[in-house]
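Worth knowing before you read on, the calculation uses all heavy atoms, side chains too, and leaves out hydrogens, waters and symmetry mates. Along the sequence shown, the residues carry numbers beginning at 1.
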Amino acid sequence: MPLTTTIFWPLDDDDGQGICYGWASTTRLCVAGKFDNNVSFESAQDRLRDLPPGPHPRPTILDIPPDRSACNIVYYERYPSESLRFYDMPNDSPVSSAGLDRSLISQLNLAHQIHSLVNGKPVRLHKPTAAVLLRFAATIIRPMLSLVQSLRLPFVSNLLPHSAFGKQLTTRAIQVDSLLHGINDLSSEQTARKMPEYAQQYTEFFNELWLILNDITLGCAFGTFLCENNVYISSLLTPAFKTVFLENLEAALVWLDSWPAGLKLNTELSRFYSRTFISLVHYWGG
């Protein structure tokens with residue numbers, strides 16, 4: 001029984017008349033685009049032959065079966081490079097010669113680029129505006145960070161791992177250093193052939209930046225809330241703190257001053273300790 005041919009067709013291109021180009025395998029056709037009706041077969045071959053060399057297989061003119069009802073038509077979206085959107089599949093996904101595999105994923109990601117090059121349009125991966133602004137900020141932050149890293153204080157270095165504040169400070173310093181190293185890669189000129197890698201790096205960079213800014217925003221908001229409502233919060237918490245940490249503690253000391261749980265203690269010594277600690281509790285409670 002012959003295998004059914006699967007055709008991957010771009011969603012933004014109709015399936016009318018015209019010479020189609022793309023990539024072909026035994027049971028699969030990946031259509032990257034279609035020439036206009038007025039383009040001859042020889043002219044189409046010349047355009048494909050003039051494409052710049054790259055790591056991908058060169059597209060060819062496809063022989064689309066005349067009876068498409070016998071084929072499986074799968075429509076896909078040709079994502080432009082500036083959208084930073086691309087197709088991907090997990091590393092543990094099964095490989096199939098007639099279905100989705102990494103070769104087909106690469107072809108789907110390159111379809112818009114090939115379509116633009118065939119029609120004489122330049123393909124560049126535009127630098128995000130946010131990355132350009134961050135690169136300017138990095139020129140100011142990087143010298144300050146280098147100065148801090150150059151200061152080797154043994155006391156501070158030994159204290160940081162044993163302090164929660166020090167651990168947070170170390171974590172933020174590592175994140176800032178990672179962001180500074182990623183800014184140059186994001187703001188540099190790159191071709192669209194590296195679009196999947198660039199999009200992944202772009203997403204990871206701004207996810208990490210968003211987490212840092214989110215922590216700062218929540219911290220500032222919580223600190224502002226405490227400062228503006230300190231009187232009201234104090235009126236709510238003060239009675240509870242007095243009850244738990246003063247009155248209950250003083251009652252426990254008075255109970256220990258006698259014979260707690262039937263234990264016969266040294267009366268003078270227990271009274272001395274009890275009154276001493278009760279005085280300290282009163283002093284601590286103001």
Side-chain angles (χ1 to χ4, degrees), residues 1-125 190-204:
M1 180 178 180
L3 296 176
T4 304
T5 301
T6 302
I7 303 177
F8 292 86
W9 200 282
L11 190 61
D12 55 342
D13 199 351
D14 58 13
D15 54 353
Q17 299 296 323
I19 301 175
C20 298
Y21 56 90
W23 301 271
S25 63
T26 306
T27 58
R28 185 181 67 206
L29 298 176
C30 181
V31 180
K34 180 171 59 66
F35 290 104
D36 295 333
N37 295 334
N38 56 356
V39 177
S40 63
F41 185 83
E42 291 75 12
S43 177
Q45 285 185 323
D46 293 337
R47 290 192 188 183
L48 295 178
R49 195 179 300 113
D50 293 338
L51 289 176
H56 55 80
R58 185 178 295 274
T60 59
I61 294 178
L62 300 178
D63 184 15
I64 304 297
D67 185 13
R68 299 181 188 177
S69 61
C71 302
N72 295 326
I73 307 295
V74 178
Y75 293 95
Y76 72 95
E77 186 74 27
R78 289 185 299 199
Y79 293 123
S81 59
E82 58 269 17
S83 69
L84 296 181
R85 300 179 65 185
F86 60 96
Y87 295 97
D88 196 9
M89 62 185 303
N91 294 327
D92 55 352
S93 297
V95 177
S96 174
S97 59
L100 289 174
D101 56 21
R102 296 202 170 277
S103 175
L104 175 62
I105 294 297
S106 177
Q107 294 169 4
L108 298 179
N109 290 329
L110 289 169
H112 189 276
Q113 176 191 355
I114 296 299
H115 178 68
S116 300
L117 292 175
V118 166
N119 290 276
K121 299 178 182 178
V123 178
R124 301 292 297 176
L125 186 56
Q190 299 190 31
T191 59
R193 286 187 174 84
K194 298 181 180 180
M195 184 267 296
E197 293 81 3
Y198 184 92
Q200 182 178 4
Q201 184 181 10
Y202 183 90
T203 303
E204 292 176 353

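When all heavy atoms are compared, the tightest approach of Pro59 to Leu48 is O-CD1, 4.0 Å. The two residues His115 and Ala32 make their nearest non-hydrogen contact at CB-O, 3.9 Å. Closest non-hydrogen pair, Arg47 versus Val118, comes out as CD-O, 3.7 Å. Closest approach of Arg58 and Trp23 over heavy atoms only: C-NE1, 4.0 Å. When all heavy atoms of Cys20 and Trp9 are compared, the closest pair comes out as SG-CH2, 3.6 Å.
Within the model, atoms CG of Leu11 and CD of Glu77 stand 5.5 Å from one another, a figure rounded to the nearest 0.5 Å. With values rounded to the nearest 0.5 angstrom, Gln107 atom CD is found 5.0 Å from Cys30 atom SG. Taking CD1 of Ile73 as the reference point, atom CG of Leu29 lies at 9.0 Å (rounded to 0.5 Å). Once rounded to the nearest 0.5 Å, the distance linking OH of Tyr79 with CG of Leu110 reads 15.0 Å. Here Ile114 contributes atom CD1 and Asn109 contributes atom CG; the two are 12.0 Å apart, rounded to the nearest 0.5 Å.
Between Ser103 and Arg28 the shortest side-chain heavy-atom distance falls below 4.5 Å. A heavy-atom distance below 4.5 Å is not found between the side chains of Thr5 and Thr26.
In terms of the salt bridge (charged side-chain N to carboxylate O under 4.0 Å, His left out) criterion, residue partners of Arg78 (sequence neighbours excluded) are, by chain and number, Asp12. Looking at residues two or more places apart in sequence or on another chain, you find a side-chain contact (heavy atoms from CB on, under 4.5 Å) between Ala44 and Ile19, Phe35, Val39, Ile61. Considering only residues two or more places apart in sequence or on other chains, Asp46 meets the side-chain contact (heavy atoms from CB on, under 4.5 Å) condition with Arg49.
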Worksheet entry | Residues Leu62, Tyr21; criterion side-chain contact (heavy atoms from CB on, under 4.5 Å); working and verdict | CA-CA 5 Å; Leu62 300 178; Tyr21 56 90; 5.5 Å; no

Item to complete: Evaluate the side-chain contact (heavy atoms from CB on, under 4.5 Å) criterion for residues Thr6 and Val74: first the C-alpha distance (whole Å), next the side-chain angles of each, then the deciding distance (0.1 Å), finally the verdict.
Response: CA-CA 7 Å; Thr6 302; Val74 178; 4.0 Å; yes

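Crowding of Asp50 atom CG: a count of heavy atoms from other residues, nucleotides or ligands under 6.0 Å exceeding 12.
Below 30°, between 30° and 60°, or above 60°: for Tyr76 and Tyr87 the angle between ring planes is above 60°, a perpendicular geometry.
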